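Indexing begins at 1, ligand by ligand and atom by atom, following the structure's order. All figures in this text were calculated on a predicted structure; none of them were measured in a lab.
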Amino acid sequence: MKASGCILSFFFVFSSISSLSVALTDAEASFLARRQLLTLPEGGDLPENYENGVEPNLKFPNPRLRRAYIALQAWKKSMYSDPLKTTANWVGPDVCKYTGVFCEKALDDPNIDVVASIDLNGADIAGFLPAELGLLHEVAVFHINSNRFCGIVPQSFCQLSLLHEFDISNNRFVGEFPKVVHCLPALRYLDIRYNDFEGCLPPELFNKDLDALFLNNNRFRCNIPETIGNSNVSVLVIANNNFEGCIPSSIGKMRNLNELIFSNNKLGGCVPPELFQISNVTVLDISSNTFSGILSKSFKIENVEEFSLANNNLTGTSHSPTTSSTALPKNACQPRGRTW
Ligand SMILES: *[C@@H]1O[C@H](CO)[C@@H](O)[C@H](O)[C@H]1NC(C)=O
Ligand SMILES: *[C@@H]1O[C@H](CO)[C@@H](O)[C@H](O)[C@H]1NC(C)=O
Ligand SMILES: *[C@@H]1O[C@H](CO)[C@@H](O)[C@H](O)[C@H]1NC(C)=O
């Protein structure tokens, strides 16, 4: 009996995330990434002379807005195409009036305004992130989804100590998992889906106090780190990558998990019973992987509203073991699989 006939009732989970088309050729993207490398100092830290070039006659309400001006002008220079003219009004010292730039009272000084958030979602801008963006020290929200930003996230982003939401999804970022994530103490929401990130996930990622983590539609591979059980995220989506190996049994320790979407990877071996011990999960999708083994009738998945195991090699009863353990891949988390 295949998984679809087993006692669990489940249905397919269709992700609500739609892939937006981004019209930037690979050649253009790598051109922009090379331009970024040329401008970035070693490691992507801020250049020492970043204050050069601010017109001396410009008057700013406070030094922090002057710093923000330097950052935003450097960014505007790093944009090669702005078809919707979103940044057309990024001119002059009044940065709080720039489209997509939002100011608030400073947390440590209610008498002054500072740039508190950036929202350029859907602007279709082609360009890269210059090191000067690290001057936006007071930014709590940085949303640039659905643009054509290329290259990497510069090391200078480590200076954004208030950054709470970082959404760079649906762009053309490349390279390893962005290291700057580890040095952002206030980060709670991380969305890097629909980019070209590759390589492994750093184990420290799951030791960060995040609420939501979207990594889907990249080119990540390797095993899921054992540290996953430390994470307090309520949403974890790693679908449509090349993750391989088992799901670590530590997953049973994820205390706040609500939605887990692991579909369309190369995960395999057995499904750890701990996966079904997570309380309060409402969406659980491990479809289109290479899981094998037998699912026991004893699984309790009381709160699960959407559940998909489809397109694996799972069998659905504990009474007639039909999958031999020799069919399991070498790295399978046996012998647990045989006891189901
Ligand atoms: C998860 O929450 C618990 C309880 O609040 C806390 O002790 C732990 O440090 C948190 N873990 C992470 C990775 O943030
Ligand atoms: C699960 O949900 C119930 C009711 O919504 C809540 O009382 C309980 O604290 C939750 N458990 C965990 C581990 O989050
Ligand atoms: C299921 O197992 C069969 C035979 O071992 C194999 O050919 C097939 O590719 C497997 N399918 C998946 C989705 O792993």
Can a protein heavy atom be found under 4.0 Å away from [atom]?
{"atom": "atom 14 (O) of ligand 1", "value": "yes"}
{"atom": "atom 9 (O) of ligand 1", "value": "no"}
{"atom": "atom 5 (O) of ligand 1", "value": "no"}

Quiz item: How does R255 reach ligand 1, if at all, at less than 4.0 Å between non-hydrogen atoms: by side chain, backbone, both, or neither?
Solution: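 Within the 4.0 Å criterion, R255 contacts ligand 1 through side-chain atoms alone.
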Quiz item: Any chance the side chains of N256 and S234 put a donor and an acceptor closer than 3.5 Å?
Solution: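 No, S234 and N256 have no side-chain donor paired with an acceptor closer than 3.5 Å.
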Quiz prompt | N207 and T227: side chain donor to acceptor below 3.5 Å | solution =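 No, because no side-chain N or O of N207 sits under 3.5 Å from a partner of the opposite role on T227.
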Exercise. Kindly give the heavy-atom pair with the smallest separation between I228 and L236, and that separation in Å.
Key: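 Looks like CD1-CD2, 3.7 Å.
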Practice problem: Please determine if N207 has a nitrogen or oxygen closer than 3.5 Å to a nitrogen or oxygen of ligand 1. | Solution: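 No: no nitrogen or oxygen of N207 is under 3.5 Å from one in ligand 1.
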Exercise. Using a strict 4.0 Å cut-off to heavy atoms of K208, name the atoms of ligand 1 that fall inside it.
Key: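 Heavy-atom distances to K208 below 4.0 Å select 13 (C).
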Practice problem: Check step by step if side-chain hydrogen bond (donor to acceptor under 3.5 Å, both in side chains) holds for N258 and T282. | Solution: CA-CA 5 Å; N258 198 247; T282 56; 3.3 Å; yes
Quiz item: Tell me: protein heavy atom nearest atom 11 (N) of ligand 1, and distance?
Solution: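 The closest heavy atom on the protein side is N232 ND2, 2.9 Å.
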Quiz item: Side-chain contact, heavy-atom cut-off 4.5 Å: E138 with L107?
Solution: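 In short, these two side chains do not touch, never coming nearer than 4.5 Å.
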